[in-house]
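Just so you know, ligand 1 is whichever comes first in the structure, and atom 1 is the first atom listed for that ligand.
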Amino acid sequence: MSDVVSYSIVDGIGIITVDNPPVNALSQAVRQGLLDAVRTAQSDASKAVLIHCAGRTFIAGADITEFGRPQQEPFLPDLLDEIEASAKPVIAALHGTALGGGFETALASHYRIALQSGKVGLPEVKLGLLPGAGGTQRVPRLASIEATLDLILSGTPVSANRALELGLVDKVVADDLYDEALAYAKQLVEEAAPLRRTSELDASAADKDLFDSYRSNQAKRARNLTAPQRIVDCVEAAATLPFAEGQRRERELFLECMQDPQSRAMQYMFFAEREAGKIIGLARDTQQRDVRTVGIIGGGTMGGGIAMCFANAGFPVVLVEINDEALERGLSIVEKNYAGSVKRGKLDESKAAECRALITGATDYAALADVDLVIEAVFEDPGLKKDIFARLDSICKPGAILATNTSYQDVDAIAAATSRPEDVVGMHFFSPAHIMKLLEVVRGDKIADDTLATVMALSKRIRKVAVISGVCYGFIGNRMLGGYFREAQLCLVEGALAESVDAAMYDWGMAMGPISVADLAGLDVGYKARQALPADEIGDARAHRVPDALVEMGRLGQKSGAGFYQYDPDTRKKTSDPLVTEVIEQAAQDLGIERRAIEVDEIVDRVIYALVNEGLRILEEGIAQRPGDIDVVYVYGYGFPAWRGGPMYYADAVGLDVVLARINEFRDRFGAENWTPAPLLEQLVAENMTIAEWARK
Ligand code: 3H9
């Protein structure tokens, strides 16, 4: 029939097989193949039609690589209408992840059988889209309105068994999906089962208040996002209009999403995330080391969180601390975190107990002699870290990977403390490590290819999004953050208030304003780090004036109950503190700065363009492999809004000439020390090129 869709008749059943690796996405060729096969089946000897897929999954959705180009016929909604209109029963056999347009194909079939290990879902919202091939109209004809909205608005797939409970599939089997599906099809033929067309069923009912409450809830939870509101509109249309009219509404709103810059940014992020895992200069099939056991040095918040990441993925972990007391404290934090995960419904009790049992403790480095990977997670003291690596060198078995979880330090210098720098790598986790998705993998000068390839593959097993960074102070994320925080702090002394800087950035889309982030991280962390640095590396001293004054007043941030804000000891709810405004005003006076009103636009541009400018330097120096990697770091590690696509994508979207003009304006107003445009920015503007175009060269 075609390269990607084949058709044959087995035992009277027309078997359509989709075989379009890696995930059987609905490319034009697959859509055409499906249409041809369904049409053939209408007039041949088959009595029913079975759609199934080769490889690891049923169709995982529309082919996202085709988005943004003119769509070619057959269009998916038309194809699915034709499948549903088939005069012979159509059965979909689901395994792997039946997602998006793939699940919509199943919903347009008359019966659905699924493998127990399979999942179904409509993740379009994660791409800034809505299910555009009948998903918003057919799901509420099988499941309740609440279940429909929860499924589509979360974008999170559900298990086959849950789908059965919801009425979204008809039968779940433990294994042998193909044989079971064939038998099911034959049984339906024998029973002369009706053509159960989903579009002909009545949609579930719900009153207007329910839709409105979802709208207002989404306005808070999915702040600034347009797709969730359109999804509620579509499902309301399903509940109130005949199928064909609802479908028209879905089409209109789907096309609106497609035109929306938010969706383009989120599609870009989808591919940037996958691209980040690829190591430039290394073959995809580079040999990997076998990692089965893990040792972690340091049972603090970070070490405990890292231990959980590995235990959750099934690795036995030994946590090493300096004495019994510290070890007990570390293990009790792990215990508390697991209890929290159970309470929040993230893990069930037995799974949590299973994971917890994988973590053991020790107070002697001898426990690390046989592990395959050691991660050092002690506090940021370069001397201590080097001592630890020298000890590991003498204790660990040959071939063990030795990783440091430093956020700033020179990984090459740490590697040089061992006789095996090829085995040393940076693994910079973000706090809380068992929750945050990002992992910066730091590639030292002497690292072996198989060390790097192993760590990148491992990061996928522990469900992190890994990005490779070269060695520099702060790597990609924290290095860029320097300018971001500097400008936020300078805005304060020049005239803004903590609340107005936070509000400007939060409203722009950041998960949290920079001043609140500083309080959360602890103002003493930067204070101590600055004291360890030579004066010429501290940066603009005016920017540290207020946080340093607060630390010296004992206001360390959230953990001490006060920093830039006051925190309720029980709820951690923050309130403004007039005393902080006084500290800011005093700092301005001491610095001879006359405070002025600062517009929101100025706050946003200073803070974000500082990020962009440093990002361009990082690119130019080759610290990041590609602009998308920087974007992934910021979206997954620093709360940058995915719908703006990360700082590099954002700069291209604004226009590099606009960014350069504004940076030049800031240079003229505030001085070249903080505002010298990155050479790459000037070069790209001169050559009339975007960052994305430069990266493709
Ligand atoms: C939609 O369906 C719209 C409709 O409602 C309406 C239309 C009118 N297209 O993630 P992985 C590639 S919107 C093209 O590493 P995993 C991916 O780039 C769509 N390519 O594997 C990667 O390529 P490479 C709704 C796709 O096992 C390779 O496959 N569907 C697509 O960790 C492996 O991917 C979704 O949003 C695609 N749809 O996870 C599902 N999907 O190797 C999106 C994947 O060159 N996909 N690729 O880097 C996923 O969630 C995961 O990929 C999946 C597998 C769970 C399927």
Side-chain angles (χ1 to χ4, degrees), residues 4 18 20-31 34 53 55-81 94-108 117-139 151-152 154-159 227 230-231 234 247 250-259 263-264 266-280 284-285 313 437 456-457 459-466 626 628-629 632 642:
V4 288
V18 179
N20 184 31
V23 297
N24 290 315
L26 285 158
S27 63
Q28 190 278 336
V30 170
R31 299 196 301 274
L34 278 167
C53 290
R56 59 170 151 144
T57 182
F58 190 75
I59 301 164
D63 186 337
I64 308 169
T65 61
E66 288 183 355
F67 291 175
R69 290 189 251 146
Q71 278 287 297
Q72 287 182 321
E73 290 186 3
F75 302 128
L76 189 60
D78 301 337
L79 164 65
L80 299 193
D81 284 351
L94 315 178
H95 74 291
T97 42
L99 301 179
F103 186 44
E104 289 173 303
T105 305
L107 293 168
S117 58
K119 288 188 170 172
V120 306
L122 294 165
E124 285 84 346
V125 71
K126 295 185 177 167
L127 297 168
L129 295 172
L130 54 88
T136 66
Q137 305 302 299
R138 288 194 174 95
V139 175
L151 183 78
I152 305 180
S154 72
T156 307
V158 295
S159 67
R230 294 188 180 119
I231 287 169
C234 285
Q247 207 180 18
E250 179 192 81
R251 191 76 198 146
E252 260 167 41
L253 292 174
F254 178 77
L255 293 176
E256 274 181 26
C257 284
M258 271 293 198
Q259 299 304 322
S263 177
R264 277 198 290 277
M266 291 164 91
Q267 289 168 36
Y268 159 83
M269 282 310 302
F270 176 85
F271 289 112
E273 177 187 332
R274 279 149 186 87
E275 191 76 8
K278 294 170 190 146
I279 313 168
I280 294 179
R284 259 190 168 192
D285 57 358
K437 293 278 287 177
M456 290 303 281
S459 61
K460 201 163 179 184
R461 283 174 65 194
I462 59 168
R463 309 178 83 156
K464 297 291 174 203
V465 178
R626 40 179 102 76
D629 288 10
V632 169

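Of the candidates D63, L26, L99, the one placing a heavy atom closest to atom 20 (N) of ligand 1 is D63. Of all the listed residues (A62, A276, G61), A62 holds the heavy atom that lies closest to atom 37 (C) of ligand 1. The heavy atom nearest to atom 21 (O) of ligand 1, out of those in E104, R274, R56, is found in R56.
Within the structure, every pair that satisfies the side-chain hydrogen bond (donor to acceptor under 3.5 Å, both in side chains) test and touches residues 66-76, not counting sequence neighbours, is listed here: R31-E66.
Relative to the ring axis of Y268, R264 does not place its NZ or CZ within 45° and under 6.0 Å from the centre.
Taking only nitrogen or oxygen atoms, main chain and side chain alike, A60 reaches within less than 3.5 Å of ligand 1. Between V23 and ligand 1, no pair of N/O atoms sits closer than 3.5 Å.
Proximity of G135 to ligand 1 is not established, as no heavy-atom distance is less than 4.0 Å.
Expressed to the nearest 0.5 Å, how far CG of D629 lies from CD of E273 amounts to 11.5 Å.
Tested against I152, the residues T136, L130, V125 include a single side-chain contact (heavy atoms from CB on, under 4.5 Å) partner, T136.
There is a protein heavy atom less than 4.0 angstrom from atom 32 (O) of ligand 1.
Looking at L122 against ligand 1, nothing comes within 4.0 Å, counting heavy atoms.
Remark: the backbone N or O of A457 is not paired with any side-chain donor or acceptor of R461 at under 3.5 angstrom.
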